[in-house]
Amino acid sequence: MVWKPELDDLARREAFAREMGGVEKVKRQRDQGRLTVRERIDKLTDENSFHEIGAISGIGEYDEQGALKHLTPANCVFGRARVDGRTVVVVGDDFTVRGGSADASISAKPLMAEEMAHDFRLPIIRVIEGSGGGGSVKTIETKGAANLPGGVGGTRWYWYTTANMARVPVVALGLGSVAGLGAARLAASHYSVMTRNSAMFVAGPPVVKRLGQDLTKQELGGADIQTRAGGVDHAVETEEEAFECARRFLSYLPSSVYDLPPTTACTDDPERAEDSLLKAVPRSRRQVYKMRPIIDAIVDRGSFFEVNSSFGKPIIVGLARLEGRAVLLMASDPLHYGGSWTAEACQKVVRWVDFAETFHLPIVYLMDCPGFMIGLDAEKAATIRHGVRAMAAVNQTTVPWCTIIVRNAFGVAGVVHQPANRFSMRYAWPSAYWGSLPLEGGIEAAYRAEIDAAADPAAKLKEIEDRLNRLRSPFRSAEKFWVEEVIDPRRTRSLLCEFARLAEPLRTPGPPGNMSTRP
C-alpha cells in the first residue's frame, strides 16, 4: 500500500488521542465517580454514530529526527453524532487534560462546534467540565501577556454561544466543577442539567475566599444552590440520568427554527375522560390541591417532562404531548403562594414563553392565579416590573395558545393568561373564580360604611360576601359572554387534543420575527 506509513502514523496519533490525559489522570477521573469525555459521548449518543473532528489536534513531542514521540490531545472533543436517529453536534471538555482549562485548549475546536450547529442547523449538546475560558493565572506567564476578555480575535466564540439559542436547540450538561466561561456555556442553553456532585460558579472557592467567604464547592455552587436560583434547570444523581434528560428534552423539539416539532405515534385515546378531574379542585377555596396529577391526567400518558422545577415554583413548566403533538405546558401551582406570580415566577414565564415561540410550540396554560404576589418582599423584588415583562412576552407570541381556567384569575396577573391581541382558545372549569381582586379584603374597603353601620358587622360582612359570590359564578360571566365556555373537567383532554390538531397547520417554520430566547 503506497500510503501505509502515513496511515500507520495517523493510527498512532489517534491512539494517543484516545489516551486523553494519560493513564493516571483517567484513573483519577474514574476514581472520583466521573466518566471520561469519550465515555460520556458514547453513552449520550446512538451506538457507533460519533464522527469526531480534529481528534489528533494537540501538542506533539518530537525527537531529534522529527519523529513523533507523544501527542497530548487538546482538551476539547467534538463532532457529529446521532441521538435517537437525529444528527446533532456534541462538544465535550476533557478534564483529564489540564482540568478542562483553556491552557490546553485549541480555541478553534469549540468554536467550530458552535459554527457547525449554527450553519448546518443542528441541535448542539455541550458536555461541560472545567473552565474553558481564558486560562489560569499561570497563562499570563506561559503566554507572556495578560488575556483581554473580548480582545482582538476573541469574540467569535461568544457570539455563536448565544446566537445559537435563537436558531437551534442547545442542551448543556454540567458534569464536574464548572467555572468562568464553562459556567456561561452551561447557562447559555435552553435546558441545563448538572449531577448532584457537580458545582457551577463564576469563580471557585479559592477566588471567593479572597472576599472573606470560605465555602466549599457545594456551598458555593452546588445543585441545590443553582437549581433554586434558576442558574441550572435540573439536577440528577448520575451522568447516565443527565444523558437521558438531554435525549428526552430534544425529542420534543425540531432540529432548528427552520423545522417544526416532530409528531409521534400516540396510543393514548384523545377522547379519554378522567373522572378524577371532577374532584381535583376542592369546593373550599381555602383548600389547596395538587396540579401535577391534573397535568398527568390530560396529556398523553407519561409525556409530561417538567423543566426548571426548583425555580419560580408558583408556575409549573414542561414539555408534553397531546395526541402525539408536542406542546409547551404551563400550569399554576397553588401549593406555592397559592399560585401568585412572584418576581421569579414572572422571569420563568418570560423565558419559557420565548422558548415556545422560538421553536414553534403551541402553549397550553392551566391557570389558577390569584394575582401578583403582594407584600414588602414582593415590592422589594420589583414584582410588577417583572410581571409587565411577562405580559409583554405573552402578548408578543404568535404560536397558538389555549387556556384552561381551573380556579383563580384575578388582577393584572389574571389578565396575562392569553395573548391580548389575537384569538386564542379558552375554557373554564365550574371551579373557576375571578374578578379584579379577591373578595377577601376588598369587601371591607368597598362596603366599609355599610358594615360599620350594621348592628352586627360580622353578619353584614358575611351577607355581602354571600351575595357577591352568587354573582361571581362563572355561569353569570358566560351569560354575558365574558367567558366563552364553561366545561365539564372530564372534557379537558379531548378539547386540548383538538386544540393541538387545529394548531398544527398554523405553525410556521423559520426565525420567530424579532423574538429571541434568553438563557
Side-chain angles (χ1 to χ4, degrees), residues 162-163 165-166 170 184 187-192 226-233 257 306-319 327-333 336-403 405 408-422 424 426 434 436-437 511-519:
T162 51
M165 294 192 64
V170 180
S189 62
H190 297 111
Y191 178 61
S192 56
Q226 293 298 353
T227 54
R228 289 173 185 169
V232 174
D233 295 318
V257 298
E306 187 171 357
V307 294
N308 215 191
S309 62
S310 295
F311 177 76
K313 289 186 174 183
I315 285 285
I316 299 167
V317 176
L319 295 158
V327 299
L328 182 87
L329 189 144
M330 297 197 311
S332 304
D333 190 348
H336 296 279
Y337 303 112
S340 298
W341 281 19
T342 61
E344 288 187 349
C346 294
Q347 294 170 49
K348 188 173 181 177
V349 169
V350 170
R351 178 184 169 193
W352 291 104
V353 164
D354 279 1
F355 169 81
E357 180 72 8
T358 298
F359 292 111
H360 320 299
L361 291 163
I363 296 173
V364 172
Y365 179 24
L366 306 182
M367 182 194 193
D368 181 355
C369 178
F372 290 123
M373 189 64 185
I374 61 174
L376 180 59
D377 288 343
E379 302 301 341
K380 286 182 176 180
T383 301
I384 190 64
R385 178 169 292 280
H386 291 292
V388 170
R389 179 64 191 90
M391 178 184 290
V394 171
N395 288 340
Q396 289 166 4
T397 61
T398 61
V399 294
W401 191 293
C402 183
T403 302
I405 305 176
N408 291 306
F410 285 93
V412 178
V415 174
V416 194
H417 66 262
Q418 60 178 182
N421 62 338
R422 60 189 174 91
S424 58
R426 176 171 52 194
W434 47 59
S436 296
L437 72 165
N514 57 5
M515 293 288 295
S516 65
T517 294
R518 299 159 187 82

Original post:
Within a strict 4.5 Å, meaning less than it, do heavy atoms of the L361 and V399 side chains meet?
Top reply: no

Original post:
Where the side chain of R422 meets the backbone of T397, is there a donor-acceptor pair that is under 3.5 Å apart?
Top reply: yes

**OP:** Specify the closest pair of heavy atoms between S309 and E306, including all atoms of both residues, with the distance to one decimal.
**Re:** CB-OE2, 3.3 Å

**OP:** Could you tell me whether the side chain of S192 and the main chain of D233 form a donor-acceptor pair under 3.5 Å?
**Re:** yes

Subject >> Heavy-atom pair with the smallest gap, counting every atom of W434 and A409 >> reply: CB-O, 3.1 Å

Original post:
Can you check whether S340 reaches T342 side chain to side chain, under 4.5 Å on heavy atoms?
Top reply: no

Original post:
K313 side chain to D333 main-chain N or O, any donor-acceptor pair under 3.5 Å?
Top reply: no

**OP:** Applying side chain to side chain contact (heavy atoms under 4.5 Å, CB included) between V317 and each of V307, N308, V349, report the one that passes.
**Re:** V307

Subject >> Side-chain heavy-atom pair W341, T383 within 4.5 angstrom cut-off >> reply: no

Original post:
Which of parallel (below 30°), tilted (30 to 60°) and perpendicular (above 60°) describes H190 and F359?
Top reply: perpendicular

Original post:
How long is the gap from CD1 on I315 to SG on C369, to the nearest 0.5 Å?
Top reply: 7.0 Å

Original post:
What distance separates M367 CE from R426 CZ, expressed to the nearest 0.5 Å?
Top reply: 9.5 Å

**OP:** Could you pull out the closest heavy-atom pair between E357 and T398, with the gap in Å?
**Re:** OE2-OG1, 2.6 Å

Subject >> Atom of H386, atom of C346 and distance for their closest heavy-atom approach >> reply: O-CB, 3.5 Å

Original post:
Would a 4.5 Å heavy-atom cut-off, applied to side chains only, mark V353 and W401 as touching?
Top reply: yes

**OP:** Working to the nearest 0.5 Å, report the span between CE of M330 and NE2 of H417.
**Re:** 11.0 Å

Subject >> Polar side-chain atom of D368 near backbone of S332 as donor-acceptor pair, under 3.5 Å >> reply: no

Original post:
Do L319 and L329 come close enough that some side-chain heavy atom pair is under 4.5 Å?
Top reply: no

Subject >> For A378 against M373, the heavy-atom pair lying closest together >> reply: CB-O, 3.3 Å

Original post:
Do any N or O atoms from the side chain of Q418 and from the backbone of C402 form a donor-acceptor pair under 3.5 angstrom?
Top reply: no

Original post:
What is the minimum heavy-atom distance between P419 and S424, and which atoms define it?
Top reply: CD-OG, 4.0 Å

**OP:** To the nearest 0.5 Å, tell me how far L328 CG sits from W352 CH2.
**Re:** 7.5 Å

**OP:** For the pair F311 and Q347, evaluate side-chain contact (heavy atoms from CB on, under 4.5 Å) and give the outcome as yes or no after the intermediate values.
**Re:** CA-CA 10 Å; F311 177 76; Q347 294 170 49; 4.0 Å; yes

